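Everything quoted here is computed from the prediction, not taken from an experiment.
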Amino acid sequence: MKSEGSTRILIVDDEPQIRRFLRISLASQGYAVLEAENGEQALGAVYTQAPDVVLLDLGLPDMDGHEVLRGIREHSSVPVIVVSVRDREEEKVSSLDNGANDYVTKPFGIQELLARIRAVQRQVLRAKGEAVASCYASQGLAIDLELRRVALNQVPVHLTRKEFAVLARLCRYAGRVVTQTQLLKEVWGPTHVDDTHYLRIVVSRLRQKLGDDPQTPVLLQTEAGVGYRLLVEPVRAQAI
C-alpha cells in the first residue's frame with residue numbers, strides 16, 4: 001500500500017468548514033489534500049490531478065453528487081467514499097450501486113473515516129493484484145477461500161455451500177459494504193434479487209457459527225436496508 005504521505009485525497013464539499021476540518025484532520029495523518037467545492041471542479045480534479053481517494057458530498061451547488069459519481073465512473077476507478085448528511089437507505093443503496101466504494105453519514109467520527117479510507121486503499125491493492133489474498137482472519141477466525149476451509153479458535157467450522165458463498169464474497173470486499181442486491185444476484189442468481197429473507201437466514205447462521213453476537217455483531221455488521229460489511233483482514237496462507 002502507498003504510504004499515507006504519497007496518498008492524495010480529494011475532498012468534494014461545498015461547505016468551507018467541512019473542507020477545513022477534513023483538510024486539517026487528513027493532513028495531520030500525512031495525507032496530501034486536494035479540494036473541490038462543486039461537481040465541475042471535482043470532475044476536473046479527478047481527470048487532471050488523479051487523486052487516490054475521493055470523499056464526495058452529495059449536496060453540491062451545481063449538480064447532484066450522484067451525477068458526479070457517474071461522471072467519475074465513466075473514466076476512473078478511483079475509490080469514492082460518499083460523505084453525506086443524507087441518511088435514507090435509498091441514497092446509500094443508490095450510491096453503492098452507482099459505484100461508490102463506501103458511504104459515511106454526517107456527522108461522523110474522524111477515526112471511522114480514516115479506517116474507511118484505509119479499507120478502500122486495501123481494496124484497490126487487492127484489485128490490482130498487489131495483495132491478492134485467499135486467506136482472511138479476525139480474532140480467532142481463520143478463512144481459507146482456496147481450500148474452502150473455516151476455523152474458529154482452531155476448531156473447524158462446517159458451512160453449507162450458500163453460507164460459504166456469501167462469506168467468500170464478503171471476504172473479497174473485506175471492510176466494505178456489499179449490498180443485499182449484489183449478494184443475492186451473485187449467490188442465488190438475478191431472479192432472486194428481491195428474496196432478502198434468504199440472505200437474512202444465511203447471515204444469521206453465519207453469525208452463530210462464527211461466534212458473532214447476533215444482537216450486537218462485531219464481525220459481520222449490518223448496514224440497515226443496504227447490505228453487510230465483514231471486518232476481516234487478508235493474511236498469508238496458514239494451516240486451517
Side-chain angles (χ1 to χ4, degrees), residues 1-13 18-19 21-23 25-27 29-36 39 41-58 60 63-84 86 91-106 108-133 136 169-179 181-183 221 223 226-234:
M1 185 184 296
K2 287 184 179 182
S3 66
E4 291 178 354
S6 63
T7 299
R8 290 163 295 182
I9 299 183
L10 172 62
I11 303 169
V12 185
D13 201 299
I18 295 293
R19 294 201 307 274
F21 166 70
L22 288 173
R23 183 195 321 125
S25 300
L26 293 170
Q29 300 297 313
Y31 291 107
V33 178
L34 309 171
E35 297 182 38
Q41 289 182 7
L43 291 173
V46 169
Y47 303 150
T48 62
Q49 300 188 59
D52 298 295
V53 179
V54 176
L55 304 181
L56 175 64
D57 184 30
L58 296 179
L60 300 173
M63 64 180 76
D64 188 76
H66 290 295
E67 185 179 350
V68 177
L69 178 58
R70 288 191 290 271
I72 292 173
R73 284 294 170 256
E74 287 179 2
H75 303 281
S76 174
S77 60
V78 59
V80 177
I81 301 176
V82 172
V83 183
S84 175
R86 301 179 190 176
E91 293 284 358
K92 297 179 181 181
V93 171
S94 177
S95 296
L96 294 166
D97 283 343
N98 283 331
N101 296 72
D102 208 341
Y103 195 110
V104 176
T105 304
K106 297 177 182 176
F108 55 85
I110 190 62
Q111 293 304 319
E112 176 190 3
L113 182 61
L114 290 170
R116 301 290 182 91
I117 291 171
R118 292 191 295 269
V120 297
Q121 287 182 277
R122 288 193 297 270
Q123 187 65 30
V124 169
L125 293 181
R126 287 195 290 270
K128 288 181 177 179
E130 296 174 22
V132 176
Y136 297 82
R169 279 155 180 80
L170 289 171
C171 281
R172 294 302 189 193
Y173 296 93
R176 285 178 52 186
V177 177
V178 185
T179 65
T181 299
Q182 182 178 348
L183 287 168
Q221 298 181 348
E223 290 287 340
V226 180
Y228 300 94
R229 183 196 310 272
L230 184 66
L231 298 184
V232 294
E233 294 285 347

Rounded to the nearest 0.5 Å, what separates atom [atom1] in [X] from atom [atom2] in [Y]?
X	Y	atom1	atom2	answer
H66	E91	NE2	CD	4.0 Å
F21	I110	CZ	CD1	4.5 Å
L96	T181	CG	OG1	10.5 Å
Q221	L230	CD	CG	9.0 Å
K106	D57	NZ	CG	3.5 Å

Within a strict 4.5 Å, meaning less than it, do heavy atoms of the [X] and [Y] side chains meet?
X	Y	answer
I11	L26	yes
R169	V178	no
L69	L56	yes
L58	Y103	yes
R8	Q49	no
V54	V12	yes
D102	R229	yes
Y173	Q182	yes

Is there a donor-acceptor contact under 3.5 Å from the side chain of [X] to the main chain of [Y]?
X	Y	value
R73	G99	yes
N101	I81	no
T48	G44	yes
R176	A119	no

Subject >> Residues Y136, L170; criterion side-chain contact (heavy atoms from CB on, under 4.5 Å); working and verdict >> reply: CA-CA 11 Å; Y136 297 82; L170 289 171; over 6 Å; no
What is the minimum heavy-atom distance between [X] and [Y], and which atoms define it?
X	Y	value
P51	A45	CD-O, 3.6 Å
L43	G71	CD2-C, 3.9 Å
G175	L231	CA-CD2, 4.2 Å

Original post:
Between the side chains of T7 and Q121, is a donor N or O closer than 3.5 angstrom to an acceptor N or O?
Top reply: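 Distance-only check passes for T7 and Q121.
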**OP:** Applying side chain to side chain contact (heavy atoms under 4.5 Å, CB included) between L55 and each of D13, L113, L10, report the one that passes.
**Re:**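 Of D13, L113, L10, side chain to side chain contact (heavy atoms under 4.5 Å, CB included) with L55 is met by L113 alone.
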Original post:
Taking NZ, NE, NH1 and NH2 as the nitrogens, is one of them in R70 or E74 under 4.0 Å from a carboxylate oxygen of the other?
Top reply: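 No, R70 and E74 are not salt-bridged.
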Original post:
Do the ring planes of Y47 and H75 sit parallel (below 30°), tilted (30 to 60°) or perpendicular (above 60°)?
Top reply: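 Because their plane-to-plane angle is over 60°, the rings of Y47 and H75 count as perpendicular.
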